[in-house]
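Inspection log for the structure reproduced underneath, given as structure tokens.
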Amino acid sequence: MQIDNEKLLKLGKKYQKWLEATSVNLDAYKINGNAYYLANYTSKFSTKIKAYAVISPDSNDKEEAMQAISPHFYFSISSNNILDSTAKRAKRDFSVLEKIRDYLKIIVESEVLDPKKEIIYQRSLNILQSMTDLQYEMIQLWEGSQSLENTVVERGVFTDTDIEKVMHYVILTDLIQYKQFKDRYDNCKDFDVIYENRNNPEIKPYEKYLDSKILKGMTSEAAEDQLKGSLDRLTQNQYLGNMSESEIYDKWMKSYKEGLDTRVQKEIKMLRYP
């Protein structure tokens, strides 16, 4: 979809005030075939947005313009959340975690552990393998979000389906993180045993595969508070009990939409048009 950027900017500048700069989001939301764009107004001395306007080169229908407000904020806020959160998580370096996983795997497969310790080592191995598998899902999620963004940019228009997708990506990002942290936190003290056991004669030969400082960083003393903080942030300190993955997803999506609605009502107060 070809867009006349100068025409859009001119439309947006109709509502610009003194010492302000105008920018226009180039992704439109269509109602009855009419394209609506979101214009942003910032101070020339700051990047903080002072006001908005919904503009259209196709129509002067204020009622339609009002209908386009929520979709615009739903899409832009969710897209920014993906850039802030999903990108950061997808680019996280998991190489150290993989080294620890491989260290545990070598020991488990060596069959030098007594039955009780083997349970602990195997459980930690399974958890770390799950965390790395989930990281691959996170990378795929980020790639999917980028593919969607490219499609929208090429099309020049976002749809209700696109809005649902970006919201899905936001919630799935949090859900993947939750799954990565939950079992690790619940079984954090397993690494206290693994660290203390590192110098046992049966285990000592394997220290060449992993620095003991890395193992110490996995103990409850070093990692428990950080893991708890991450979980508290994701759950907003809500008790999830034995909720299933789909129940957690639905709960978080409902809460996210409510938060978006609250945010939209706040942003509407900054509208200059309509």
Side-chain angles (χ1 to χ4, degrees), residues 1-16 20-43 46-90 140-174 253 256-274:
M1 179 180 176
Q2 296 296 319
I3 306 169
D4 188 333
N5 294 353
E6 291 301 320
K7 183 178 180 180
L8 283 178
L9 199 57
K10 186 176 180 180
L11 279 173
K13 284 183 175 179
K14 286 172 59 179
Y15 310 102
Q16 176 182 304
E20 285 185 348
T22 300
S23 63
V24 181
N25 295 358
L26 298 181
D27 302 326
Y29 182 76
K30 281 192 170 184
I31 301 175
N32 298 324
N34 299 319
Y36 291 89
Y37 297 85
L38 187 67
N40 310 286
Y41 304 98
T42 58
S43 166
S46 171
T47 58
K48 185 177 180 181
I49 294 177
K50 297 175 62 179
Y52 304 97
V54 178
I55 60 175
S56 174
D58 306 324
S59 172
N60 294 315
D61 190 318
K62 288 189 176 183
E63 185 176 339
E64 282 189 356
M66 286 297 293
Q67 292 175 34
I69 293 171
S70 289
H72 264 291
F73 284 122
Y74 265 55
F75 187 74
S76 62
I77 292 169
S78 297
S79 295
N80 287 335
N81 285 340
I82 290 170
L83 284 174
D84 290 341
S85 181
T86 312
K88 187 183 298 182
R89 291 296 306 177
Q140 288 184 308
L141 185 66
W142 168 243
E143 290 174 349
S145 71
Q146 289 306 285
S147 177
L148 174 62
E149 180 183 347
N150 292 337
T151 299
V152 169
V153 169
E154 184 178 344
R155 193 196 305 143
V157 175
F158 66 90
T159 65
D160 291 335
T161 299
D162 297 327
I163 295 172
E164 290 296 325
K165 283 182 180 178
V166 291
M167 290 194 298
H168 168 71
Y169 289 142
V170 170
I171 302 305
L172 205 53
T173 294
D174 286 350
M253 180 60 80
Y256 182 69
K257 287 181 178 179
E258 290 171 350
L260 282 177
D261 286 337
T262 300
R263 174 78 178 273
V264 168
Q265 292 308 309
K266 177 182 176 182
E267 303 293 358
I268 283 177
K269 296 176 182 177
M270 297 168 65
L271 277 175
R272 288 181 182 164
Y273 183 87

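Because only heavy atoms are used, hydrogens play no part in the values below, and waters and symmetry mates are left out as well, while side chains stay in. Residue numbers run from 1 in the order of the sequence given.
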Problem - Within 6.0 Å of CD in Glu258, more than 12 heavy atoms from elsewhere - result: yes
Practice task
May I ask you to decide if the ring planes of Tyr52 and Phe73 are parallel, tilted or perpendicular, using 30° and 60° as cut-offs?
Solution key: perpendicular
Exercise for the section: Would you please classify the geometry between the Phe158 ring and the Phe75 ring as parallel, tilted or perpendicular, with 30° and 60° separating the classes? Expected result: parallel
Heavy atoms, side chains only, cut-off 4.5 Å: are [X] and [Y] in contact?
X	Y	answer
Leu83	Asn80	yes
Val54	Pro274	yes
Asp261	Tyr74	yes

Exercise for the section: Only counting residues at least two apart or in another chain, list the ones meeting side-chain contact (heavy atoms from CB on, under 4.5 Å) with Thr86. Expected result: Ile82, Met138, Leu141, Trp142, Thr173
Handout entry: Which residues share a side-chain contact (heavy atoms from CB on, under 4.5 Å) with Glu164, sequence neighbours left out
Key = Met167, Lys257
Handout entry: Glu267 vs Met270, side chain to side chain contact (heavy atoms under 4.5 Å, CB included): CA-CA, chis, key distance, verdict
Key = CA-CA 5 Å; Glu267 303 293 358; Met270 297 168 65; 3.3 Å; yes
To the closest 0.5 Å, what do you measure between [atom1] ([X]) and [atom2] ([Y])?
X	Y	atom1	atom2	answer
Asn40	Asn25	CG	CG	5.0 Å
His168	Met253	NE2	CE	7.5 Å
Leu148	Gln146	CG	CD	9.5 Å
Ile268	Arg263	CD1	CZ	12.5 Å
Asn81	Asp174	CG	CG	9.0 Å
Lys165	Thr151	NZ	OG1	7.5 Å

Closest approach of [X] to [Y] (non-hydrogen atoms, all atoms of both residues):
X	Y	answer
Ser145	Tyr169	CA-CE1, 3.6 Å
Ser70	Val264	OG-CG1, 3.6 Å
Ala39	Gly12	CB-CA, 4.3 Å
Tyr41	Glu20	CB-OE1, 3.7 Å
Pro57	Lys7	CB-CE, 3.9 Å
Thr42	Ser46	CB-O, 3.7 Å

Problem - Worked verdict on Ser43 versus Lys50 for side chain to side chain contact (heavy atoms under 4.5 Å, CB included) - result: CA-CA 7 Å; Ser43 166; Lys50 297 175 62 179; 4.0 Å; yes
Handout entry: Arg155 and its side-chain hydrogen bond (donor to acceptor under 3.5 Å, both in side chains) partner, picked from Asp162, Asp27, Asn150
Key =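 Output: one option passes, namely Asp162.
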Problem - Side-chain donor-acceptor pair present, Tyr29, Asp160, cut-off under 3.5 Å - result: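 Checked: Tyr29/Asp160 side chains pair up, N/O donor to acceptor below 3.5 Å.
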Handout entry: Side-chain donor-acceptor pair present, Tyr256, Ser78, cut-off under 3.5 Å
Key =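 A donor-acceptor contact under 3.5 Å links the two side chains.
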Exercise for the section: Quick one: do Asp61 and Asn34 satisfy side chain to side chain contact (heavy atoms under 4.5 Å, CB included)? Show the steps, please. Expected result: CA-CA 9 Å; Asp61 190 318; Asn34 299 319; 5.7 Å; no
